Protein chains: 4
Amino acid sequence: MNVRSNKKHRVFETTLKLIAEHGLHNTPMSLVSKRSGISTGAIYHHFESKEVLINELYLFVKQEIMNNIFDDVTAELNYKESFHKIWSNYFHYLIKNQDILSFVEQCSISPIIKEQTRMEAQKLAIPLIDFITEGTQKNFLINNEIELILAIINGNVITVAKLHISKLLPINKEIENKAIQTSWKGLSQ
Amino acid sequence: MNVRSNKKHRVFETTLKLIAEHGLHNTPMSLVSKRSGISTGAIYHHFESKEVLINELYLFVKQEIMNNIFDDVTAELNYKESFHKIWSNYFHYLIKNQDILSFVEQCSISPIIKEQTRMEAQKLAIPLIDFITEGTQKNFLINNEIELILAIINGNVITVAKLHISKLLPINKEIENKAIQTSWKGLSQ
Amino acid sequence: MNVRSNKKHRVFETTLKLIAEHGLHNTPMSLVSKRSGISTGAIYHHFESKEVLINELYLFVKQEIMNNIFDDVTAELNYKESFHKIWSNYFHYLIKNQDILSFVEQCSISPIIKEQTRMEAQKLAIPLIDFITEGTQKNFLINNEIELILAIINGNVITVAKLHISKLLPINKEIENKAIQTSWKGLSQ
Amino acid sequence: MNVRSNKKHRVFETTLKLIAEHGLHNTPMSLVSKRSGISTGAIYHHFESKEVLINELYLFVKQEIMNNIFDDVTAELNYKESFHKIWSNYFHYLIKNQDILSFVEQCSISPIIKEQTRMEAQKLAIPLIDFITEGTQKNFLINNEIELILAIINGNVITVAKLHISKLLPINKEIENKAIQTSWKGLSQ
DNA sequence: CATGAATGAGCATTCATTCAT
DNA sequence: GATGAATGAATGCTCATTCAT
């Protein structure tokens, strides 16, 4: 990463942390500047506006998630095992990166994320869509619309991660496995 | 409803609409005042601060949801049929009240909602918890932690409602039934 | 004048003074607020934006000028005497209100004044246009386009007032009279 | 012109255009840099500050005007004809260089132009002052103060040029001649 | 000499909240 | 209780100027 993207990266990290801590509604640019050690002017050199920063950050974290969920999903695993691995990777990524979970959820339906951004974010999910498509074609998964299956898996992972974070039900390996079983049982043939 | 709660109600409705439209981060009290036709002074008479208003509204809509999801869930229905009915009621309530869905999701993990509020909201779900507890005790549902089952059902309904609203996949009766089947299949014994 | 317009009036006076002193480019709203003793919020309650404030002020001072230049122009005066009186009233108004002269001149060709405002300002000059029209119809003035005559008179008064203020040539009664003679001689038949 | 002054010249031209377009109050150095293709660093190498740039530009355009108004004013013309020619040259220069007219007028009374600059600008008018002095000495012009005559001529030309640009009264050759007659009639013996 | 990213004080404007009426 | 004008700290953003490369 060069100096330029390094700076963007620092702004991303700081913004993520602050929004998780103070909320989307309560994170001034001045605080992002102070905490990141980058002047407001420099931030605005990299991002046209706060809205653009948030939207770019949204795409960035969506990409980061995708970069992590296929870890150790090798050719040796069968479909069910791969499903299990991806679900688990995704889940552990979220609970290790609670700022990201918090940010993505605050944005999930907020008008701050523009239609264009949501469309681009959808494109980032293509590897996951391919995986699901494969599952339906080979009759591992029920023959539902791909978007529905994707949404349900995504929703399940996030739901369980939020449950863990809320401390209402700390998720240990056993409960995690139950949750994955529930997802798989609902969606498999 | 007396005059006082009538006014609170108007503030709630207006705030809900505005937050769905402009986002939690972008809904000034002055706009709530203008749109509701209630002076800022009067709003502050009913709500100590904006934060209090948001938190009270959060509890209000959570209650409203609960008030609607048991409609037509009568003694004549068996457990699976009741599950189906509740899921469907919840889903249709959300897509008929998209402002509520949008508001609840924007708040779902935001620090604007206080711990105390979340705990009270949890209490409102008792009828649903009872329904799930019954299901696990009578072995209609898998023997998972109640909180996990509740979270997964809740997550599924919201996920599918958001999918519908996003227009990525408009949900007709057929797809709705597939979604309910998926939930049931995952969670039932 | 009621309380409301009183406040607008105070903002006008302060802004006028500050723009004359610091220039159109260098007069922040915060200073207008501090000097007028009216909070920025209150200023923005009365004026949508700084641009709107400047444009309204422009119309206000144009009106003020018109309110003063027909003083003592009575039916007893003949046309030439009236011309002399108006010229003199206008001139003395400007040198007594140098802030107004400075402001009007800074705005005279600046894009800060909108087309709409210029059109409305033009309407305020109707009494003067009527006076010139009378002069051309009764052959006191040369048969030039009214707009040309108006512009030349206006330009002459402002030019001489600026000369006085610049201290390059302090204008006493004798020089003032010479200047008026020059205007009259150029424009009369 | 060497490389250095060439660059200054490009900055002048760009600044002029931008101030005419966006106003004295709304022309950032960054825009001057971008539009001129000269880095801000380089601009600050040639001009100590923005204020210095504006003041130098003011003198530059005043000089440019003077460089053009004596065109074709040859020994063969009599005084009145020379007066006519100068007036016309000045007028046509302004309407061909509306950016200059706009800039000079925005500066005309603004505190952005320093006393020192105004004094130097006055010196540039010496050829014109000589011409007027000659006119008064030879009794072609009325015996008024030179500064007054200069100011009135200058004011008349600018006034008529602004009238043309404002489109309130497009000035054709006929009207131009009327305007010149008015100036001459007012100022000649 | 030239560049243009970086700085940060300063700007226009907003908005939660108060309080005189 | 109700009103909404007023407050002024805080916000998003700009821009004159600097300085490392």
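Treat the numbers as computed from the prediction; the structure is a model and nothing was measured. Naming convention: chains lettered A, B, ... in sequence-line order (proteins, then strands); numbering from 1 in each chain.
Comparing atom distances between the B:Asn26 side chain and each of E:dT3, E:dC15, F:dA16 picks out E:dC15 as nearest. Picking from E:dT7, F:dT11, E:dA2 the nucleotide with the shortest atom distance to the side chain of A:Ala42 gives E:dT7. Nearest nucleotide to the A:Ser39 side chain, out of E:dA12, E:dT7, E:dC1: E:dT7. The side chain of B:Ser49 sits closest to E:dT17 out of E:dG8, E:dA2, E:dT17. For D:Lys7, the listed nucleotide lying nearest its side chain is E:dT3; candidates were F:dA6, E:dT7, E:dT3.
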From CA spacing to verdict: ring pair (Phe, Tyr, Trp, His ring centres under 6.0 Å), A:Phe12, A:Phe103: CA-CA 11 Å; A:Phe12 280 161; A:Phe103 172 74; 9.1 Å; no
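Under the 4.5 Å side-chain criterion, counting only non-hydrogen atoms from C-beta, B:Ile112 is not in contact with A:Asn26. A heavy-atom distance below 4.5 Å is found between the side chains of B:Pro111 and A:Gln106. Contact check for B:Val11 versus B:Thr15: side-chain heavy atoms found under the 4.5 Å cut-off. With a 4.5 Å cut-off on side-chain heavy atoms, C:Ser110 and D:His25 count as touching.
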Please list, pair by pair, any protein nitrogen or oxygen found under 3.5 Å from a nitrogen or oxygen in nucleotides 18-21 of chain E.
unit_1 : atom_1 : unit_2  : atom_2 : d
E:dT18 : O4     : B:Thr40 : OG1    : 3.3

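Following rounding to the nearest Å, D:Met29 (CE) and E:dT3 (P) show an atom-to-atom distance of 14 Å. Atom pair C:Lys8:NZ and F:dA5:C1' shows a separation of 14 Å (rounding to whole Å applied). Rounding to whole angstrom units, NE2 of residue D:His46 and P of F:dT17 are separated by 16 Å. What separates CG of D:Leu31 from P of F:dA16 is a distance of 10 Å, to the nearest Å. Atom pair D:Asn6:CG and E:dC1:C1' shows a separation of 16 Å (rounding to whole Å applied). Atom CG in B:Leu53 sits about 10 Å away from atom P in E:dT17, given to the nearest Å. The interatomic distance linking C:Lys34 (NZ) with F:dA6 (P) rounds to 21 Å, in whole Å. Computed from coordinates, the B:Ile43 CD1 to E:dC15 P distance equals 14 Å when rounded to whole Å.
Considering C:Lys8, C:His46, C:Glu51 as possible partners of C:Glu56, the one that fulfils the side-chain contact (heavy atoms from CB on, under 4.5 Å) test is C:Lys8.
The shortest distance between the side-chain N/O atoms of A:His45 and the OP1/OP2 oxygens of F:dT14 is not below 4.0 Å.
F:dT17 and E:dA6 make up a base pair, with Watson-Crick or G-U wobble contacts both under 3.5 Å.
Nearest-nucleotide positions on DNA chain F place B:Ile38 closer to the 5' end than the other of B:Ile38 and D:Glu51.
Closest approach of D:Thr14 to D:Val32, counting heavy atoms only: CG2-O, 3.8 Å.
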